[in-house]
Amino acid sequence: MSLEAKPVIQVKDLTIGYGDNIVLKNVDFEILTGEIFTILGGSGCGKSTLLKHMIGLLQPLGGSVLIDGTDIITAQGPDRLGVLRKIGVAYQNGALFGSMNLMENICLALEEFTDLSKDAMEMIARMKLKAVGLDSAAYKMPAELSGGMRKRAAIARALSLDPKVLFLDEPSAGLDPITSAQLDELILELSHSLKITFVIVTHELSSIFTVSDRVVMLDKDTKTIIATGKPAELRDNSDNPWVRQFFNRQAKKCF
Amino acid sequence: MDNSNTASVNWKELDQNQLCLVIKGRLDVATTGSLWGKILKTITKTKPQELLVDASQIKYCDGAGIGLLLKLKQTQKQNNRRIQITGLSPDFQSLMILFDPGRVAESPPKRASLAQRIESLGEKTARLLRDLKDEISFIGEAFIKLLSTLIHPRSLRWRDTFLIAEKAGANAVGITALLGFLIGLILAFQSAVSMQKFGAEVFVTDLVCLALFRELGPLITAFVLASRSGSAFAAEIGTMKINEEIDALTTMGLDPVRFLVVPRLIAAICVVPLLTMFNNLFGLIGCGVVMSFFGFPPVTYLHRIQQAATMTDLLGGLVKTFVFGALIAGIGCLQGIRTGTGPSAVGDSATRAVVSGIVAIVVADGVFAVLYYFLNI
C-alpha cells in the first residue's frame with residue numbers, strides 16, 4: 001500500500017442507533033485504497049451495525065458514508081446501484097442463497113448485471129471459486145458445505161463483479177485455528193493480487209495482527225472511536241489502557 | 001467423612017434480638033428446598049436484630065445452598081438488621097462473592113396497573129399504525145414492480161416463477177380436486193335429503209352449481225392455497241431474511257421485491273383460477289355421484305347444470321380468484337419480509353400469513369358480493 005493512497009471510503013460524522021438508543025455517535029474515519037482495514041471492539045459495541053450502515057442496509061441517525069465519492073446513504077436509483085457495484089459483502093454466515101448451488105450463487109449477479117453468455121459466466125464463476133479453493137464444490141448446495149467453505153464461497157460470490165471494496169463480517173468467527181489462518185492467507189493473497197480494499201469486522205486478535213494494515217477500535221461506553229492506527233503500534237503504545245488490555249488479551253477488571 | 005445426602009438446621013434464640021442458625025450437611029439443589037421455607041419462616045416470625053449463621057458444618061454447598069445464604073443476607077439487609085455467617089469454608093465463600101446478586105440488575109419496578117395498561121395500549125396502537133404504514137407502502141411497491149415487470153417481461157425471473165407455480169399449483173391439484181369432490185358430494189347429499197321432502201331433488205344441481213361456481217369453489221381453493229403456499233412463501237422469505245440472504249440481495253443491487261415477491265405474485269395469480277376450475281369440476285363430479293344415487297341419469301344432470309348456471313356465474317367466481325391469488329402471495333411475502341429475529345420468528349410469520357390471508361380472502365369475498373349485487377351479476 002502506497003502512502004499517497006487516496007481514501008476510498010470516508011465515514012463522516014456518522015451517528016447510528018435504533019430509535020432513541022444511540023449505538024455510536026459522531027464517528028469519523030477514512031479507509032485508503034488498497035488497505036486492509038479492520039473495525040474492532042468488544043462484543044456489543046456496534047461493529048456489525050456500523051458495517052451495515054457502511055453498506056447502505058440501515059439508515060443512520062446522522063452523517064454520511066462516501067464510497068468513491070458517492071454517499072451510499074442518500075444515493076438513489078442508478079447512483080445507488082453504481083455504488084453497490086463497487087462493493088462486495090461476505091456476511092457472517094455466508095448468506096448464500098440456499099435454493100441455488102455455488103455456481104448459480106456466483107452467476108446470479110453476472111446474470112442480472114451483464115450480457116455475458118452462459119459459458120463466460122460459468123468460466124468467471126469457476127475462476128472465483130478457484131481463487132478461494134472451492135473449484136471442486138462448484139455444483140454443491142450451500143447446505144452441503146462446512147462453515148469455513150461457506151465463508152469462502154461467500155467471498156467468491158462477493159468477488160463475482162470484481163468490486164473495489166470487499167466487506168467481511170466476522171470472517172473467522174466459529175472457525176478452527178487452521179481454517180481461520182487459511183482465510184487470513186486468502187485475504188492477504190486477494191489484497192496483493194487484486195488490489196482490493198478490505199473492510200473487516202472482527203475481534204480475532206490473531207487475524208488482526210496477520211492481515212490488518214490499520215484498525216479503528218470502537219468503545220461501547222463512550223459510543224465512539226477510541227483508537228485508530230496500526231495494530232502493533234496500538235498494542236505497544238496506546239495511551240488508552242483499555243486498548244492495550246484488548247490487544248494484550250487481558251480480562252477487563254469489571255468487578 | 002459424612003457422605004449422607006441430607007441437610008438439617010437447628011436454631012436457638014440467644015436472647016430477644018439474636019437468633020443462631022446451625023446448618024449441617026449437604027446443601028445442594030435437592031436438599032435446600034426443604035430448608036429454605038423453614039428457615040425463612042422462622043426469621044419472619046422471630047425478626048432477629050442479629051442473625052448468626054454457623055456454617056462450619058456445611059459439607060457441600062452448590063448454587064442452591066449459596067442462594068439460601070444470600071437470601072438470608074438480603075432479607076436481613078432489607079429490614080436493616082444484621083447477619084453474620086461464620087465458619088463457611090473458603091471455597092464456598094468465593095462462590096458467595098461470585099454469585100452475590102448485589103450486582104445483578106433489579107427487576108424493573110412494577111408500575112401501577114392503569115399506567116401500564118395505557119402504556120401498552122399506546123405501544124400497541126403505535127405498532128399497529130407502523131405495520132399499517134409498512135403494509136400500504138409494501139402494496140404500493142409490489143404493485144408498481146408487478147406493473148413494471150408486465151411492461152418488461154424480460155426482467156421477470158421466469159425459471160423461479162415456473163418453479164413456484166409448479167409447487168403452488170401443479171402440486172396442489174390433488175388436494176384441491178379431493179376437497180372439491182367431497183364438498184360437492186356433501187353439499188349435494190345434505191341438501192338432497194331436505195329437498196326430497198318437497199320432491200325438489202332435481203334442484204340440488206342448481207344449488208350445488210351456483211354455490212360452487214360463485215362462492216365455494218373460489219373460496220376453498222383460496223383457503224387451500226393460503227394454508228399451503230401463503231405459509232410457504234412467508235417461511236421461505238422469512239428464513240432468507242434470518243440467514244441475511246435478503247441483505248445479500250440488497251447489497252448485490254438486486255431488489256428483493258422484484259426478485260422474490262413479483263415471481264410469487266405472478267405464480268399465485270396464475271394458478272388460483274386454474275385450481276378453482278379443477279375444484280369446480282370435481283365438485284360437480286361429487287354432486288353427480290349423489291344425483292345418480294337419487295336416480296337422475298347423467299344426461300339429465302348435465303342438462304340441469306347448463307340450465308342452472310350461466311357463464312357469468314362461472315366467470316364471476318373466477319375473476320375473484322385473481323384477487324385472492326394476489327392477496328395470498330402478497331400477504332405471505334409481506335409476512336416473510338417482516339420476519340423478526342429469534343427461533344420462533346419464521347413460525348410466527350407463517351402463522352400470521354395463513355391467518356391474515358384467510359381473513360383477507362373472506363373480506364375480499366364480501367366486497368365482491370356487494371359489488372356483484374350492484375352490478376347485477
Side-chain angles (χ1 to χ4, degrees), chain A residues 18-19 48 51-58 67 72 75 77-100 104-115 142-143 150 153-155 157-161 163 165-170 254-255, chain B residues 94-105 123 126-127 130 141 144-145 148-149 152 154-164 166-167 232-233 235-256 258-260 262-264 336-337 340-341 346:
Chain A
Y18 303 96
S48 293
L51 185 91
K52 282 191 173 171
H53 283 83
M54 289 172 72
I55 55 178
L57 279 178
L58 297 174
I67 295 181
I72 195 166
D79 281 350
R80 185 178 167 82
L81 209 58
V83 184
L84 290 174
R85 287 283 300 272
K86 287 178 188 163
I87 65 169
V89 188
Y91 290 85
Q92 195 170 350
N93 296 315
L96 299 166
F97 302 119
S99 56
M100 302 175 180
E104 289 166 332
N105 259 288
I106 296 169
C107 287
L108 182 67
L110 296 168
E111 268 171 36
E112 292 287 326
F113 296 116
T114 65
D115 292 326
R150 256 181 246 175
I155 293 176
R157 187 180 66 181
L159 287 173
S160 62
L161 287 172
V165 186
L166 198 56
F167 291 87
L168 308 181
D169 189 5
E170 307 255 3
C254 57
F255 301 120
Chain B
S94 62
L95 273 182
M96 266 190 79
I97 294 165
L98 179 69
F99 285 129
D100 190 348
R103 283 184 218 101
V104 176
E123 251 175 37
R127 200 181 312 141
R130 207 170 45 233
E141 193 182 351
I144 288 169
K145 302 263 161 75
S148 125
T149 308
H152 308 286
R154 281 194 61 186
S155 68
L156 179 67
R157 293 188 58 85
W158 286 98
R159 203 171 65 122
D160 290 355
T161 313
F162 281 123
L163 271 175
I164 297 162
E166 187 191 335
K167 266 194 194 171
F233 293 167
E236 279 166 17
I237 296 179
T239 311
M240 286 184 79
K241 187 167 181 207
I242 284 184
N243 291 341
E244 294 180 306
E245 288 174 46
I246 307 256
D247 286 350
L249 276 178
T250 311
T251 46
M252 282 164 85
L254 301 170
D255 177 12
R258 185 180 71 77
F259 203 81
L260 299 171
V262 171
R264 284 171 173 78
I337 285 176
T341 47
V346 175

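Not measured: the values here are computed from a predicted model. Heavy atoms only: backbone and side chains are in, while hydrogens, waters and symmetry mates are out. In what follows, chains carry the letters A, B, and so on, assigned in the order in which the sequence lines appear, proteins first and then strands, with residues in each chain numbered from 1.
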Open item on the list: Can you confirm whether B:E245 sits close enough to B:L260 that some side-chain heavy atom of one is under 4.5 Å from a side-chain heavy atom of the other?
Closed with: no
Open item on the list: To the closest 0.5 Å, what do you measure between CG (B:N243) and CD (A:Q92)?
Closed with: 12.0 Å
Task: Atom group of B:L163 that falls short of 4.5 Å from chain A, counting heavy atoms - done: neither
Task: Heavy-atom proximity to chain B below 4.5 Å, by part of A:L96 - done: backbone
Task: Structural part of A:I55 lying under 4.5 Å from a heavy atom of chain B - done: both
Task: Proximity breakdown for A:F167 and chain B, heavy-atom pairs closer than 4.5 Å - done: neither
Task: Contact origin within B:M252 toward chain A - heavy atom pairs under 4.5 Å - done: both
TODO: Using non-hydrogen atoms and a 4.5 Å limit, figure out which bit of A:R85 sits close to chain B: side chain, backbone, both or neither.
DONE: neither
- [ ] Please name the pair of heavy atoms, one in A:N105 and one in A:R157, separated by the smallest distance, quoted to 0.1 Å.
- [x] OD1-NH1, 3.1 Å
Open item on the list: Between B:R154 and chain A, with a heavy-atom cut-off of 4.5 Å, which part of the residue counts as in contact: side chain, backbone, both or neither?
Closed with: neither
TODO: Over all heavy atoms of both residues, which pair between B:T250 and A:L84 is shortest? Give the atoms and the distance, please.
DONE: O-CD1, 3.4 Å
Task: Between CG on residue B:L254 and CZ on residue B:R157, distance to nearest 0.5 Å - done: 8.0 Å
- [ ] Give the minimum heavy-atom separation between B:D247 and A:Y91, together with the two atoms involved.
- [x] O-OH, 3.1 Å
